[in-house]
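Only this structure's heavy atoms are used, side chains among them; waters, hydrogens and symmetry mates stay out. Please read these numbers as outputs of a predicted model, since none were measured by experiment.
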Amino acid sequence: MTLSTVLLQFLTGLSAASALFLVGSGLSLIFGVTRIVNFAHGSFYMLGLYGAVAVVGWFGTSPLGFWSGVLLAALLVALIGALLEMFVLRRLYAAPELYQLLATFALVLIIKDVALALWGPEDLLGPKAPGMKGAILVLGKPFPSYDVFLIFVGPAVLAALWLLLTRTRWGLLVRAATQDREMVGALGVNQQWLFTSVFALGTFLAALGGALQMPHEPANLSLDLALIGEAFVVVVVGGMGSVLGAFVAAVLIAFVKAACIAAGSIDVFGTPFPLSKLTLVAEFLVMAVVLVWRPWGLFGKPQGAVRGTAAIEAPLRALPRRWKVAGLAGLLLLLLVPLLQGAAPYAVVLMIDVLIAVLFATSLHFVMGPAGLHSFGHAAYFGLGAYGAALCLKAWLLPMELALLLGPLAATLAALLFGWFCVRLSGVYLAMLTLAFAQIVWAVVFQWDGLTGGSNGMVGIWPAPWLAGKTALYLVTLLFTVAGCALLARLLQAPLGLALRAGRDSPLRAHAIGIDVARLQWLAFVIAGSIAGLAGALFAFAKGTISPETLGVAKSVDGLVMVLLGGVQTLSGPWAGAALFTWLQDTVMRQTDYWRALLGATMLALVLLFPLGVAGGLRRIFLKEPA
């Protein structure tokens with residue numbers, strides 16, 4: 001590979017870093033002041049690109065029409081962001097941070113379907129930037145003129161933000177609020193308008209980053225979730241709340257990706273391995289290395305990784321006798337579901353999906369609730385359990401019964417390895433490290449064609465003949481689900497559960513009385529990963545086919561939604577949340593093409609009505625006690 005080709009790869013990476021910095025800097029500002037983990041930030045990037053295509057189409061492709069269209073599109077999206085902050089998110093500032101995350105994910109679903117209704121499902125191509133349609137020569141190779149322009153956009157925006165944050169009173173208030181929001185409010189500053197202005201600025205930067213990509217890529221509906229992962233990586237690697245850190249992280253990640261492409265192929269243990277394959281997870285590899293080495297990010301502050309920042313929650317109380325009787329009656333009804341096979345055969349299929357979702361959500365709740373470990377990558381263990389069972393059956397020709405039991409071992413081993421690193425972090429840094437490990441696992445599965453089938457997945461994963469009927473499969477799934485949920489519930493009431501909650505609520509006191517908090521959390525991580533792997537193994541035999549999406553980000557987000565929808569502070573929360581989410585998703589999808597918006601609106605309404613989750617809210621209403 002020639003020097004000119006390598007240089008072009010790095011210059012291309014620099015141009016891509018500008019857009020990533022714009023999105024990351026906006027996300028960093030929003031989190032630094034409002035403490036909201038804004039999942040909808042990628043949606044604003046998507047709206048900025050769609051809006052730019054539409055506005056420039058109205059104004060024309062003259063220089064004035066193009067650049068005013070880009071700016072106006074970003075301003076309109078910033079206005080939308082400000083309105084959403086004022087009328088939706090402002091109502092949730094007193095709610096736990098994870099429920100704010102759930103609300104922003106609901107906004108992702110709503111915004112996606114709004115874009116679908118306005119612009120349709122097809123990709124939209126925008127015009128080229130006037131006056132920048134040509135290329136310049138770099139060591140004899142052409143390099144697009146517009147990419148040269150983008151290389152300078154990032155530093156220019158960084159300089160503007162530095163001046164705004166260091167040379168204005170508004171910037172002083174923003175920096176003060178990043179350090180201590182309560183003190184800023186005590187000094188008489190109107191926090192609501194400060195939050196709104198910061199959210200609008202962050203939204204403007206994300207939309208501007210999208211609008212500037214108009215000559216590069218078409219506007220499409222998959223941009224929101226595709227970009228939000230990279231944006232979170234930039235913010236976490238740079239350090240939460242640091243604009244300079246976001247810029248350095250964006251450049252670093254762009255350079256690492258360019259290096260992977262430029263290096264071509266090298267021999268690994270005598271086998272050619274194309275480094276370009278690492279571009280799928282380059283940013284997550286960088287994030288994993290940085291967080292293991294420097295848990296608070298390159299420019300973050302050490303106190304960002306301190307433990308024990310979660311609010312102390314009420315102890316888990318045993319349910320009254322009448323509720324236990326109602327639970328036994330519900331279990332009896334579940335045993336009678338197969339009787340519907342003749343009248344409503346789809347009901348049995350749906351209930352199998354519900355039971356698997358309940359087991360998956362309960363395993364996630366075990367580490368999120370009692371252990372206080374917020375995971376954004378729990379689907380990795382679900383998917384590893386599914387692939388482990390499939391490989392035992394297809395590749396190693398083991399009986400289905402043995403494959404079902406051995407398959408989750410893959411998830412157990414992964415949780416044992418990843419958990420050792422993860423339990424040493426907390427908060428957003430912990431969540432993002434779990435996401436990094438999950439994406440690395442996804443990339444391995446996606447690209448290992450010889451073993452996992454690659455992007456095509458694996459098919460023909462059928463249960464044993466005695467489980468071929470839906471009734472038998474349902475009863476086996478019910479047995480494993482009830483056993484798994486009962487085991488986790490028992491552990492929460494045992495000394496292990498009490499010690500986990502002590503380490504979550506007051507780690508210093510827990511250490512003082514001899515509790516090894518990190519070791520217990522590591523154990524909880526492994527237990528939760530194993531149960532998630534069991535749910536994945538059941539899923540593989542229930543569906544007969546699996547694909548890399550089984551352990552993708554979307555599946556992890558589904559698990560988060562299930563737990564938060566039901567409530568983190570109750571044992572029954574993940575059961576109710578998983579059943580409700582699965583039923584809503586199945587029902588709404590069959591009713592309308594805009595099922596995401598309807599599902600998102602339902603989730604948003606439930607978050608506003610039940611800020612502690614459905615189960616937590618009902619407990620507070622009917623038992624007259626804290627959830």
Side-chain angles (χ1 to χ4, degrees), residues 36-40 88-89 91-92 94-113 225 310 313 316 330 350-351 353-370 372-379 382 431 481 485 488-489 528 531-532 535 553-589 591 595-622 626-627:
I36 288 181
V37 182
N38 183 20
F39 244 104
V88 178
L89 298 179
R91 301 172 182 270
L92 298 171
E97 291 180 4
L98 285 174
Y99 289 96
Q100 298 169 0
L101 182 149
L102 181 59
T104 60
F105 179 70
L107 292 176
V108 170
L109 299 177
I110 295 171
I111 292 172
K112 186 185 288 286
D113 270 2
L225 291 181
E313 299 175 0
L316 294 174
L350 176 60
M351 285 306 300
D353 291 342
V354 169
L355 290 173
I356 293 173
V358 166
L359 188 59
F360 175 53
T362 304
S363 69
L364 178 57
H365 171 266
F366 188 74
V367 291
M368 284 184 62
L373 304 174
H374 302 155
S375 174
F376 283 6
H378 203 61
F382 181 88
T481 300
C485 292
L488 294 179
I531 298 298
V553 175
K555 186 67 178 179
S556 293
V557 172
D558 286 349
L560 280 170
V561 171
M562 293 173 194
V563 173
L564 297 177
L565 201 56
V568 181
Q569 300 177 12
T570 59
L571 287 175
S572 58
W575 311 342
L580 179 61
F581 179 78
T582 306
W583 176 79
L584 276 174
Q585 194 175 43
D586 178 81
T587 304
V588 172
M589 284 179 65
Q591 296 298 325
W595 61 272
R596 295 181 191 86
L598 187 55
L599 178 62
T602 304
M603 289 166 51
L604 196 58
L606 289 172
V607 170
L608 293 173
L609 292 174
F610 300 102
L612 296 179
V614 174
L618 293 178
R619 183 184 182 108
R620 172 169 290 181
I621 293 172
F622 291 107

**Report entry** Minimum side-chain heavy-atom gap V358-P574 below 4.5 Å
**Finding:** no

**Report entry** Atom pair CG (L564) and CE (M368), whose distance is rounded to the nearest 0.5 Å
**Finding:** 4.5 Å

Query raised in the report: Is any side-chain heavy atom of L225 less than 4.5 Å from a side-chain heavy atom of V108?
Result: yes

Requested in this report: Answer whether the closest heavy-atom distance between the side chains of V557 and F39 falls below 4.5 Å.
Outcome: yes

Query raised in the report: With no hydrogens and no angle check, is any side-chain donor or acceptor of T362 less than 3.5 Å from a backbone partner on C485?
Result: no

Query raised in the report: Stepwise, does the side chain to side chain contact (heavy atoms under 4.5 Å, CB included) test hold for T104 with L89?
Result: CA-CA 8 Å; T104 60; L89 298 179; 4.0 Å; yes

Query raised in the report: Is any side-chain heavy atom of F360 closer than 4.5 Å to a side-chain heavy atom of L355?
Result: no

Query - Trace of the side chain to side chain contact (heavy atoms under 4.5 Å, CB included) decision for L584 with T602 - result: CA-CA 9 Å; L584 276 174; T602 304; 3.8 Å; yes

Requested in this report: Would you mind reporting whether Q100 and V37 have side-chain heavy atoms less than 4.5 Å apart?
Outcome: no

Report task. State, yes or no, whether a side-chain contact exists between L599 and I110 at a heavy-atom distance under 4.5 Å. Result -> no

Query raised in the report: Measuring from L598:CG to Q585:CD, what's the distance to the nearest 0.5 Å?
Result: 12.0 Å

Query - Rounded distance (nearest 0.5 Å) linking atom CG of D113 with atom CG of L109 - result: 8.0 Å

